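Heads up: the structure comes next, in structure tokens.
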Amino acid sequence: MKVLVIIAHPAIEQSTVNKAWMVEELKKHDNITVHELYQEYKEEIDVKREQELCEAHDRIVWQFPFYWYSSPPLLKEWQDKVLTYGWAFGSNGNALHGKELILAVTTGSGAEKYRAGGLNHYSMSELLKPFQATSNLIGTTFLPSYLFYGTYGATKEEIQKSAKEYAEYIVTPVS
């Protein structure tokens, strides 16, 4: 299985978790293509190249820190420009049908803040529903997200453990 990890982190060098996932783990795997949007694009997104990358992989992962209850802006722009009518959806838009989509999301605060009665009032599952709706529209199979809560207080050991678990999770076929 070929996995494409699209990383959308505007400050990856300052990141603890997203950077560790990418540098310490993902780049070790031959069947994982790491694609950093903020490193790749300062100007216009190359839509054809992005579509070809997606077509060449079986599983697509959108990896990002949770920003204002969504993704960083470049991932949203990527979705708007790459997931076009006639390619990703619409009567002839079936290029991604049969592929799998996973979200890999980090939050600064702990899991207890993402539930009914918590500071954010909603679970991550609820907050990520627009991504699931997008997956439904483009014909991908939406797999459970890989979530890391509490990046601000995470220990080096917790981050290293999560990096290994994350890499294993995204390459493991669904049974």
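Hydrogens, waters and symmetry mates are skipped; everything else that's a heavy atom, side chains included, is used. Remember, it's a predicted structure, so these values are computed and weren't measured experimentally.
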For this session: Tell me whether L147 is reachable from L143 by hopping between hydrophobic residues (I, L, V, M, F, W, Y) whose side-chain heavy atoms are closer than 4.5 Å.
Result: no
Exercise. So which of Q51, R49, E44 actually passes side chain to side chain contact (heavy atoms under 4.5 Å, CB included) with V47?
Worked result: Q51
For this session: Check the hydrophobic clustering (I, L, V, M, F, W, Y; side-chain heavy atoms under 4.5 Å; chains of links allowed) and say if V3 and V174 are grouped together.
Result: yes
For this session: Taking side-chain contact (heavy atoms from CB on, under 4.5 Å) as the test, write out the residues that go with E77, two or more places apart.
Result: I45, L74, K81
Exercise. When hydrophobic residues are tied together by side-chain contacts of less than 4.5 Å, even through go-betweens, does Y67 share a cluster with L127?
Worked result: no
Problem set entry | Student check: side-chain heavy atoms of T134 and L83 closer than 4.5 Å | yes
For this session: Hey, could you give me the CG/CE distance between L128 and M124, rounded to the nearest 0.5 Å?
Result: 4.0 Å
For this session: Determine, for K48 against E52, whether the closest basic-nitrogen to carboxylate-oxygen distance falls under 4.0 angstrom.
Result: yes
For this session: Group every Ile, Leu, Val, Met, Phe, Trp and Tyr by side-chain heavy-atom contacts under 4.5 Å, then state whether L103 and V171 land in the same group.
Result: no
For this session: Could you tell me whether the side chain of N120 and the main chain of Y114 form a donor-acceptor pair under 3.5 Å?
Result: no
Please output the side-chain donor-acceptor pairs of residues 150-157 that fall under 3.5 Å, not counting sequence neighbours, one pair per line with the distance.
unit_1	atom_1	unit_2	atom_2	d
T151	OG1	T107	O	3.4
T155	OG1	E158	N	3.1
T155	OG1	E158	OE1	3.3

Exercise. What residue among L101, I102, I138 forms side chain to side chain contact (heavy atoms under 4.5 Å, CB included) with I60?
Worked result: L101
Exercise. Is it true that the side chains of E165 and S162 contain a donor and an acceptor less than 3.5 Å apart?
Worked result: no
Exercise. Roughly how far apart are Q160 CD and E25 CD, rounded to 0.5 Å?
Worked result: 9.5 Å
Problem set entry | Expected output: side-chain K99 to main-chain A95 donor-acceptor under 3.5 Å | no
For a quick test of your reading: what N or O donor-acceptor pairs under 3.5 Å do the side chains of residues 28-37 make, sequence neighbours left out?
unit_1	atom_1	unit_2	atom_2	d
K28	NZ	E24	O	3.0
N31	ND2	M1	O	3.3
T33	OG1	H57	NE2	2.8
H35	NE2	E50	OE1	2.9
H35	NE2	E50	OE2	2.7

Exercise. So do the side chains of S70 and P130 get within less than 4.5 Å of each other, counting heavy atoms only?
Worked result: no
For this session: Could you check if a side-chain atom of F66 sits within less than 4.5 angstrom of a side-chain atom of P72, using non-hydrogen atoms only?
Result: no
Throw together a table of side-chain donor-acceptor distances under 3.5 angstrom for residues 5-16, partners on residues two or more places apart or in other chains.
unit_1	atom_1	unit_2	atom_2	d
H9	ND1	A11	N	3.0
H9	ND1	I12	N	3.3
S15	OG	N18	N	3.0
S15	OG	K19	N	3.2

Exercise. Out of curiosity, does I170 fall in the hydrophobic cluster containing L96 (side-chain heavy atoms, cut-off under 4.5 Å, transitive links)?
Worked result: no
Problem set entry | Main-chain N/O of G86 paired with N92 side-chain donor or acceptor, under 3.5 Å | no
Exercise. Hydrophobic clusters join Ile, Leu, Val, Met, Phe, Trp and Tyr when side-chain heavy atoms are under 4.5 Å apart, directly or via other members; which others share one with F89?
Worked result: Y85, L137
Exercise. Should we say atom OH of Y41 is surrounded by more than 12 heavy atoms from elsewhere, each under 6.0 Å from it?
Worked result: yes
Exercise. Minimum heavy-atom separation for A104 to V61, with atom names?
Worked result: CB-CG1, 4.0 Å
For this session: Give the minimum heavy-atom separation between W21 and V105, together with the two atoms involved.
Result: CH2-O, 4.4 Å
Problem set entry | Side-chain donor-acceptor contact under 3.5 Å, Q132 with S125 | no
Seminar exercise, completed: Rounded to the nearest 0.5 angstrom, the SG-CZ distance for C54 and R59 is 14.5 Å
Exercise. Taking atom types as modelled and ignoring hydrogens, do the side chains of Q63 and Y146 form a donor-acceptor contact shorter than 3.5 angstrom?
Worked result: no
Exercise. Considering only heavy atoms from C-beta outward, does the side chain of W78 approach that of W62 to under 4.5 Å?
Worked result: yes
Seminar exercise, completed: Contacts of F64 meeting ring-ring contact (aromatic ring centres under 6.0 Å, His included) (sequence neighbours excluded), chain-then-number -> F131
